Amino acid sequence: MDSRSTRRRSQDDRLSGADRAGQRRSLGAEEQGSRYVDRFLGNNLTQRRDSSTTTPIQRALRSFGIPLERLHVMKGHMMQDMCKGLSLQSHAQAKVRMLPTYICSTPNGTEKGNFLVVELCQNQVRTLLVTLYGDGNMSPQMMYKIFDMPEGIMQGEGEALFDFIAQCVSQFLAETISSDTNGSDTNGSELYLPLGFVFPFSCRQTQLDKAELLFWSKGFSCSGVVGKDVVQLLQAAIDRQIKQNKQGEEEASETGGVWLSSWRGRKSSQSTPGPLYRVEVVALINDTVGTMMTCSIEGRACEVAIVADKGSNCCFMAEAYLVETAKETSGRMCVNTEWGWFGDDGTLNDIFTPYDEFVDQESSNPGEKRFEKMVGTLYLGEIVRHTLIALTAEKAIFTGTNAAVLKEKGVLTMQHVLEIINNEDGITEVRRILEVLGLQPSERDCGRVQQICRAVMGRAASLHATGLSAILSYMCQTRELETLIVSVGVEGELFTGYPRFEEILLSVSRLLSPECMATLVPSRDGSGRGAAMVTAVALRLAAQRRAVDQVLAPLRLSRDDLEKVQALMREEMERGLCKETNATASVRMLPTYVSHTPDGTEQGDFLALDLGGTNFRVLVVRVTEEGISMASEIYVIPAAIMQGTGEELFDHIMDCIIDFQMKQKLMAQTLPLGFTFSFPCQQLGLDKALLLTWTKGFSASGCVGEDIVQLLRDAAKRKRHLGMQVVALVNDTVGTMMACGYDDPRCEIGLIVGTGTNACYMEEMRNVGTVEGDEGRMCINMEWGAFGDNGCLDHLFTHFDKVVDESTINPGKQRFEKLISGMYLGEIVRQILMVMVQKELLFQGKPCPKLQTKDIFKTKFLSTIELNGLALGQIRAILNELELDATFEDSSLMREVCQTVSMRAAQLCAAGLAAVVEKMRENRGLDQLSVTVGVDGTLYKLHPCFSRNLQKTLKDLAPKCDVSFLLSEDGSGKGAALVAAVAYRAANAME
Ligand code: 0WK
Ligand code: BGC
């Protein structure tokens with residue numbers, strides 16, 4: 001179960017439980033209706049009511065009344081359906097579709113330029129040109145034009161619809177744009193205009209500019225569009241038109257004829273034609289999303305938006321990791337809920353009145369969009385009409401008059417309903433409206449019609465409120481908040497036309513979700529400007545993407561790059577093993593004099609030291625046939641000691657040993673000691689090793705070239721300490737291999753990826769040219785950290801790596817290690833971040849003094865930031881610690897930088913290991929090698945995906961090797977004790 005699903009499961013449990021609590025308060029007339037149980041006998045809610053005592057009007061009014069408890073139940077159902085819609089498993093069954101929009105960012109005020117928007121509305125196409133000045137979008141300029149749709153085009157050929165839209169765009173351009181439009185990048189002959197397409201229908205979006213139409217609705221049913229990428233269809237129509245225009249121009253210029261050119265800017269002079277427009281559809285936006293963006297720029301940043309218009313829908317900013325149908329795992333993504341389909345699985349059947357049934361059956365998509373058909377203004381007039389028909393049939397209204405006009409579909413429009421309920425002149429105006437329709441209403445009829453209209457509108461508002469409360473409570477829970485405070489953008493005829501909509505929406509949603517505080521931000525300008533913002537953000541992000549890719553490209557290694565590293569590593573290994581070339585090889589392939597991995601017969605008590613990693617440890621290890629037990633203590637090696645004199649260092653080590661032996665009551669014993677010394681040493685025997693060079697920030701003087709075992713013995717002498725006998729010195733890779741080999745005899749490779757990095761493996765003695773003898777095998781400490789010190793990896797070194805290398809105490813050394821290990825990854829990231837700030841890709845280019853501080857960005861930050869499912873908010877917390885005021889976008893980019901650096905490290909490590917296992921396979925003349933790698937090191941152990949990326953790359957580079965990885969539990973101290981045990985046994989056998 002991956003992190004997404006664990007977090008998801010806990011969410012679901014909470015979603016169903018907590019928010020059933022609500023309060024009850026007296027409500028206005030419309031809600032009066034809703035308090036009353038529904039309409040007809042036979043519905044368990046109504047058992048308690050005796051329908052015989054109620055009049056047809058009362059029954060009708062009550063049928064539109066939905067009790068608060070029922071709204072609570074509905075809210076719960078909608079939240080469950082929302083979770084279903086977001087989950088990859090159940091997405092297809094969900095009615096509330098929860099469609100990802102790929103909008104993860106909101107405007108940051110730097111957007112500038114000219115942006116075209118086309119909005120497909122009911123019976124109209126609206127074209128806009130929005131000019132942004134990057135001034136925080138405080139004063140965008142906007143021009144627009146509305147085109148009425150020709151009769152029948154909504155039910156005609158899809159191509160005709162898109163051609164019409166393209167014509168609207170060309171006409172709009174011809175009428176509004178002049179060639180010297182500022183802000184657009186004109187390259188003389190061409191004027192680039194990005195276009196955002198507001199398309200208020202259910203689309204499965206896979207990118208901002210790739211969206212397949214799922215279903216038409218609201219009376220649209222054009223052929224050849226469902227299942228197609230709507231962006232492509234519009235782009236194709238625009239390109240078709242531009243092409244036709246160009247041909248027209250060419251023919252005209254050949255025949256000297258006149259061609260009224262469209263798609264071309266105004267001439268700057270008589271002779272030179274204006275620039276040709278290059279219109280690119282860069283974003284498809286649902287109208288709710290456009291509204292959310294529009295309201296964000298007009299008022300407070302909105303994270304929810306409702307369109308309560310012909311159709312009804314809602315979008316909101318969801319935690320991206322919960323949107324399983326999209327690949328984005330961090331930050332937030334706007335989700336288009338398409339709540340209009342809610343209830344199509346029957347969960348609203350008890351609310352649906354027979355009037356709703358009639359409207360549904362007469363619609364172009366019976367049985368579908370049940371929720372929308374109770375709240376969309378396309379349907380409210382129809383619901384009232386069917387209610388009046390039923391009441392007329394029951395002689396409860398228009399008795400004795402001809403109400404046949406009511407049979408005509410669409411005769412009662414939303415406008416009528418609004419005028420009936422919104423007029424101050426009371427019944428007079430209602431009578432006038434009904435008479436204009438050809439009815440002869442009595443005064444009482446007028447009152448009753450008004451009541452019905454109000455009940456229908458009240459219900460629509462309450463249902464919107466229920467949907468909104470489901471969204472708000474969902475956001476509150478998934479953001480793990482006590483209280484959610486959020487701005488909700490609203491747009492649409494129901495909102496603008498029905499004054500009580502806002503009040504009912506807020507009061508009922510507050511009753512259903514008391515933990516949420518919503519502020520409505522009316523969209524004064526529809527979704528047009530919002531769509532321009534989305535387009536502008538899309539372009540800004542696209543430009544940023546290109547710039548980021550440029551910065552990170554040198555760190556992204558191809559398979560060829562890795563194969564080359566593998567081959568170079570193999571070459572250097574051969575040179576290191578060869579006596580003649582060993583001294584110049586960058587990979588020193590140091591013999592360790594360890595010829596066997598443990599065979600389980602080792603026994604005894606041993607002291608062990610483990611120096612060179614994050615911690616210096618002193619251990620006592622008991623090896624018996626039953627197994628190994630140990631006790632250990634961690635001691636600090638202060639930087640002053642690491643970079644002081646060798647004498648101080650080994651005296652400090654002795655002090656720690658003595659302290660440990662005292663604590664462990666071992667002072668009376670003289671125990672054999674195994675010393676894990678994690679630095680490059682030329683071993684002349686198990687207990688004789690000359691230090692070749694320091695690494696990992698150590699530089700104690702007087703040690704290089706010296707026998708480390710002797711230095712320790714000298715320190716013991718200085719301390720007059722006889723409590724130990726150094727019998728073996730091993731590298732931490734060897735110690736790790738031995739420790740893991742004790743549990744898994746197939747373990748013949750040791751790997752460390754921690755502060756530093758290195759590997760060892762069992763090589764055939766016949767191949768070890770630097771040691772006499774051809775029989776058997778010997779463990780070779782590769783010291784691969786220095787791979788590339790001879791320049792063979794220079795092609796891989798980026799500017800960032802060079803800066804990091806130059807700031808170390810051993811520049812030019814340990815080149816491979818400096819691309820991989822924990823001591824350096826944080827610094828590489830810091831260098832990249834500083835360049836990205838300079839390029840205004842991060843923190844909007846604001847200077848970040850803290851980032852100038854060396855080692856301030858710890859490698860452990862990478863592990864945290866790359867944690868799967870870590871909310872971007874938590875990354876922001878880390879960045880704030882560094883006084884970096886990060887936006888979501890910054891946090892997302894930060895994560896990408898960390899992922900790129902750690903991925904490269906894992907891949908390079910894998911390329912090195914691939915060279916090792918392939919050599920072992922060839923050594924042994926095997927078609928398939930099966931081997932275990934004993935591994936240790938903080939980076940390998942704690943980074944969330946380093947080990948996975950390494951293993952995946954290794955499998956790819958060395959398919960003939962089946963390599964398993966065994967994490968060393970107790971570090972290499974245990975291994976050192978095992979080597980000491982082998983050495984000690986051998987020494988005693990000799991005596
Ligand atoms: C734990 C081993 C030790 C080795 C260290 C490397 O016991 O010998 O040096 O891992 O990892 P680091 O502590 O540098 O992350
Ligand atoms: C050292 C190796 C050691 C590795 C891992 C490198 O810097 O040269 O000897 O095995 O770090 O600790």
Side-chain angles (χ1 to χ4, degrees), residues 576 586-590 592 608-619 621 630 632-637 642 674-683 689-699 703-704 708 729-740 749-761 779-789 805 808-810 813-826 858-860 862-863 905 909 912 934-943 946-947 966-979:
S586 66
V587 181
R588 298 302 301 275
M589 304 300 280
L590 303 165
T592 65
L609 303 180
D610 188 350
L611 177 72
T614 313
N615 307 306
F616 168 49
R617 287 194 313 159
V618 181
L619 311 90
V621 181
M630 63 178 73
S632 70
E633 181 107 6
I634 289 177
Y635 294 89
V636 174
I637 307 280
M642 285 164 70
F675 189 359
T676 301
F677 183 75
S678 316
F679 301 93
C681 291
Q682 183 79 50
Q683 293 224 222
L690 309 180
L691 176 63
L692 293 172
T693 175
W694 282 117
T695 65
K696 294 176 287 189
F698 276 72
S699 60
C703 300
V704 173
I708 296 298
L729 180 143
V730 293
N731 182 264
D732 53 354
T733 54
V734 180
T736 300
M737 182 189 78
M738 294 297 276
C740 295
I749 298 175
L751 171 69
I752 297 286
V753 192
T755 317
T757 182
N758 187 16
C760 72
Y761 70 102
C779 178
I780 296 295
N781 166 14
M782 298 178 65
E783 285 299 336
W784 76 7
F787 174 39
D789 287 10
D805 176 47
T808 61
I809 61 171
N810 59 346
K813 297 277 180 247
Q814 300 295 102
R815 308 295 298 269
F816 193 56
E817 179 164 87
K818 286 172 183 169
L819 298 175
I820 294 174
S821 75
M823 190 164 180
Y824 308 101
L825 294 190
K858 304 278 179 250
T859 297
K860 68 175 182 211
L862 275 83
S863 297
C909 219
V935 58
D936 207 334
T938 339
L939 185 60
Y940 186 96
K941 280 185 165 174
L942 302 183
H943 189 281
F946 186 97
S947 54
L966 181 58
L967 273 183
S968 156
E969 264 127 45
D970 313 299
S972 53
K974 182 166 128 186
L978 287 166
V979 173

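Counting convention: from 1, in listed order, for ligands and their atoms alike. One-based numbering along the sequence shown. Source: prediction; values computed, not measured.
The contact set between ligand 2 and Ile752, taken as ligand atoms under 4.0 Å from a residue heavy atom, comprises 5 (C), 12 (O). Atoms of ligand 1 found under 4.0 Å from any heavy atom of Asp936 (numbered from 1 in listed order, with element): 1 (C), 2 (C), 7 (O), 10 (O). Which parts of ligand 1 touch Gly754 is read off a 4.0 Å heavy-atom cut-off, strictly below it: atoms 11 (O), 12 (P), 14 (O), 15 (O). Heavy-atom proximity to Thr938, at under 4.0 Å, picks out these atoms of ligand 1: 11 (O), 12 (P), 13 (O), 15 (O). The distance from ligand 1 to the heavy atoms of Ser972 drops below 4.0 Å at these ligand atoms: 2 (C), 3 (C), 7 (O), 8 (O). Atoms of ligand 1 found under 4.0 Å from any heavy atom of Ser678 (numbered from 1 in listed order, with element): 9 (O). The atoms of ligand 2 that sit less than 4.0 Å from any heavy atom of Asn731 are 2 (C), 3 (C), 9 (O), 10 (O). Distances below 4.0 Å separate heavy atoms of Gln814 from the following atoms of ligand 2: 7 (O), 8 (O). Atom numbering of ligand 2 starts at 1 in the shown order; those under 4.0 Å from a heavy atom of Gly756 are 5 (C), 11 (O). When each atom of ligand 1 is checked for a heavy atom of Ile752 under 4.0 Å away, the hits are 6 (C). Close approach of ligand 1 to Gly613 (heavy-atom distance below 4.0 Å) involves ligand atoms 9 (O), 13 (O), 14 (O). Every atom of ligand 1 with a heavy atom of Asp732 under 4.0 Å away is listed here by number and element: 4 (C), 8 (O), 9 (O).
Distance alone, capped at 3.5 Å, places no donor-acceptor pair between the Ser968 side chain and the Val935 backbone. A donor-acceptor contact shorter than 3.5 Å is absent between the side chain of Asn781 and the backbone of Cys760. Not a single donor-acceptor pair under 3.5 Å links the side chain of Thr592 to the backbone N or O of Ile780. At distances below 3.5 Å, at least one donor-acceptor pair connects side-chain atoms of Asp789 with backbone N or O atoms of Gln814. Proximity of a side-chain donor or acceptor of Ser821 to a complementary backbone N or O of Thr755 within less than 3.5 Å is detected. Judged purely by atom type and a 3.5 angstrom limit, Asn615 has no side-chain atom pairing as donor or acceptor with the backbone of Arg617.
Distance from atom 6 (C) of ligand 2 to its nearest protein heavy atom, with residue and atom name: Glu817 OE2, 2.9 Å. Ranking protein heavy atoms by distance to atom 11 (O) of ligand 2, first place goes to Lys696 NZ, 3.0 Å. Scanning the protein heavy atoms around atom 1 (C) of ligand 2, the nearest turns out to be Ser678 O, 3.4 Å. Here the protein heavy atom with the shortest distance to atom 13 (O) of ligand 1 is Thr614 OG1, 2.6 Å. When only non-hydrogen protein atoms are considered, atom 10 (O) of ligand 2 lies nearest to Asp732 OD1, 2.5 Å. Looking from atom 11 (O) of ligand 1 to the surrounding protein, the closest heavy atom is Gly937 CA, 3.1 Å. When only non-hydrogen protein atoms are considered, atom 8 (O) of ligand 2 lies nearest to Glu783 OE1, 2.7 Å.
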Under the criterion side-chain contact (heavy atoms from CB on, under 4.5 Å), I'd like the reasoning laid out for Phe698 against Leu611: C-alpha separation, chi angles, the key distance, then a yes or no. CA-CA 11 Å; Phe698 276 72; Leu611 177 72; 4.2 Å; yes

Set out, in order, the CA-CA distance, both residues' side-chain angles and the distance that settles side chain to side chain donor-acceptor pair (under 3.5 Å) for Thr693 and Lys813, then state yes or no. CA-CA 10 Å; Thr693 175; Lys813 297 277 180 247; over 6 Å; no

In sequence, state the C-alpha distance, the side-chain angles, and the governing distance for Leu609 and Val618, and then conclude on side-chain contact (heavy atoms from CB on, under 4.5 Å). CA-CA 5 Å; Leu609 303 180; Val618 181; 3.9 Å; yes

Take Leu590 and Glu783 through the test side-chain contact (heavy atoms from CB on, under 4.5 Å) and record every step on the way to the result. CA-CA 7 Å; Leu590 303 165; Glu783 285 299 336; 3.5 Å; yes

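For Phe679, a nitrogen or oxygen atom sits less than 3.5 Å from a nitrogen or oxygen atom of ligand 2, counting backbone and side chain alike. Checked against a 3.5 angstrom limit, the closest N/O atoms of Thr755 and ligand 1 fall inside it. Note: an N/O pair closer than 3.5 Å links Asn758 and ligand 2 by distance alone. The shortest N or O to N or O distance between Asp610 and ligand 1 is below 3.5 Å. For a threshold of 3.5 Å applied to N or O pairs, the pair formed by Thr695 and ligand 2 contains at least one separation below that value.
Nearest heavy atom pair, residue Gly826 against residue Thr859, reads N-OG1, 3.0 Å. The minimum heavy-atom distance linking Asp610 with Ser678 is given by the pair OD1-OG, 4.5 Å.
In this structure, Lys696 and Glu817 have side chains that are in contact, with non-hydrogen atoms separated by less than 4.5 Å.
Note: Phe946 and Tyr940 have perpendicular aromatic rings, judged against thresholds of 30 and 60 degrees for the angle between ring planes.
Between the side chains of Asn758 and Asp732, no donor-acceptor pair is found at a separation under 3.5 Å.
The shell of residues lying under 4.0 angstrom from ligand 2, judged by heavy atoms, includes Pro680.
Proximity of Thr757 to ligand 2, defined as any heavy-atom pair under 4.0 Å, is confined to the backbone N, CA, C and O atoms.
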